[in-house]
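Because the structure is a prediction, the values reported are computed rather than measured.
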Amino acid sequence: MTETIQSDAAESFFSGALDRIRRITLVLGVASSIAIFAIFGVAVGIGFVIGCFISYINFHWLKKAVNALADRVTQTGHAGSSSGMVVRFMLRYGFIAIGCYVILMSSKSSVYGLLGGLFLSVAAILCEAVYEVAVALRRGI
């Protein structure tokens, strides 16, 4: 009985990871953008904000693609056609390439900010991992 309750608590906790990552991404994006503008100036700051935006959108689209694939597999039992998913996957990288090209043509110092901003989702995932480990150790999940 206790294991069932603990398992339900663990499942409930871990099922909220994607929403927590989304919120952490937004908080980190705003806080780090303010710091980047203050420390490195406007050119790098604009590049960083654009990188954060691309990172957030990329994570959101990746989440939607994985959910759509999982829904399709669970409903039909097979993955089905993957051409639409491949097109969306390639559009994400096209979107990043266009952003990099525009920034590179406008200001070379903004590229550093853009590259830093692209790692925003990675930083949010690391924060979530640390949070999950801390909560799991504290609650014994």
**OP:** Please lay out, stage by stage, how Cys127 and Leu28 fare under the test side chain to side chain contact (heavy atoms under 4.5 Å, CB included).
**Re:** CA-CA 10 Å; Cys127 289; Leu28 278 178; 4.0 Å; yes
Subject >> Cys52 SG to Phe119 CZ distance, which is reported to the nearest 0.5 Å >> reply: 12.0 Å
**OP:** May I ask you to decide if Ala43's main-chain N or O and Ser110's side chain share a donor-acceptor pair within less than 3.5 Å?
**Re:** yes
Original post:
Do Arg22 and Asp19 come within less than 4.5 Å of each other through their side chains, counting heavy atoms only?
Top reply: yes
**OP:** Treat each ILVMFWY residue as a node, draw an edge where side-chain heavy atoms are under 4.5 Å apart, and state whether Val122 and Ile36 are in one component.
**Re:** no
**OP:** Could you pull out the closest heavy-atom pair between Ser32 and Gly29, with the gap in Å?
**Re:** OG-O, 3.5 Å
**OP:** List the steps and the verdict of side chain to side chain contact (heavy atoms under 4.5 Å, CB included) for Val30 and Ile34.
**Re:** CA-CA 6 Å; Val30 170; Ile34 292 170; 4.1 Å; yes
Original post:
Heavy-atom count around Lys63 NZ within 6.0 Å, excluding the residue itself: above 12?
Top reply: yes
**OP:** Answer with yes or no whether the side chains of Ser121 and Thr25 bring together a donor and an acceptor at under 3.5 Å.
**Re:** no
**OP:** Report the distance from atom CZ of Phe48 to atom CG of Leu118, rounding to the nearest 0.5 Å.
**Re:** 9.5 Å
**OP:** Enter the distance from Leu120:CG to Asn58:CG here, rounded to the nearest 0.5 Å.
**Re:** 11.5 Å
Original post:
Counting only heavy atoms not in Met90, do more than 12 fall under 6.0 Å of its CE?
Top reply: no
Original post:
Do the side chains of Tyr131 and Phe14 join up, straight or via other hydrophobic residues, at under 4.5 Å, putting them in one cluster?
Top reply: yes
Subject >> Criterion side chain to side chain contact (heavy atoms under 4.5 Å, CB included) on Phe59 and Ile21, from CA distance to verdict >> reply: CA-CA 10 Å; Phe59 183 78; Ile21 289 172; 3.5 Å; yes
Original post:
What are the two closest heavy atoms between Phe13 and Arg20, and how far apart are they?
Top reply: O-NH2, 3.0 Å
Original post:
Honestly curious: do Ile98 and Leu115 fall in one hydrophobic cluster under the side-chain, below-4.5 Å linking rule?
Top reply: no
Subject >> Nearest non-hydrogen partners of Gly117 and Ser55, listed with the distance >> reply: O-CB, 3.5 Å
Original post:
Among the clusters formed by ILVMFWY side chains lying less than 4.5 Å apart, do Val49 and Ile103 turn up in the same one?
Top reply: yes
Original post:
Do Phe37 and Ile46 have side chains that get closer than 4.5 Å, going by heavy atoms?
Top reply: yes
Original post:
Do Ile24 and Ile125 come within less than 4.5 Å of each other through their side chains, counting heavy atoms only?
Top reply: no
Subject >> Same apolar cluster (I L V M F W Y, side chains within < 4.5 Å links), Leu26/Val130 >> reply: no
Subject >> Test item: Cys100 and Leu114 side chains (from C-beta on) under 4.5 Å apart, heavy atoms >> reply: yes
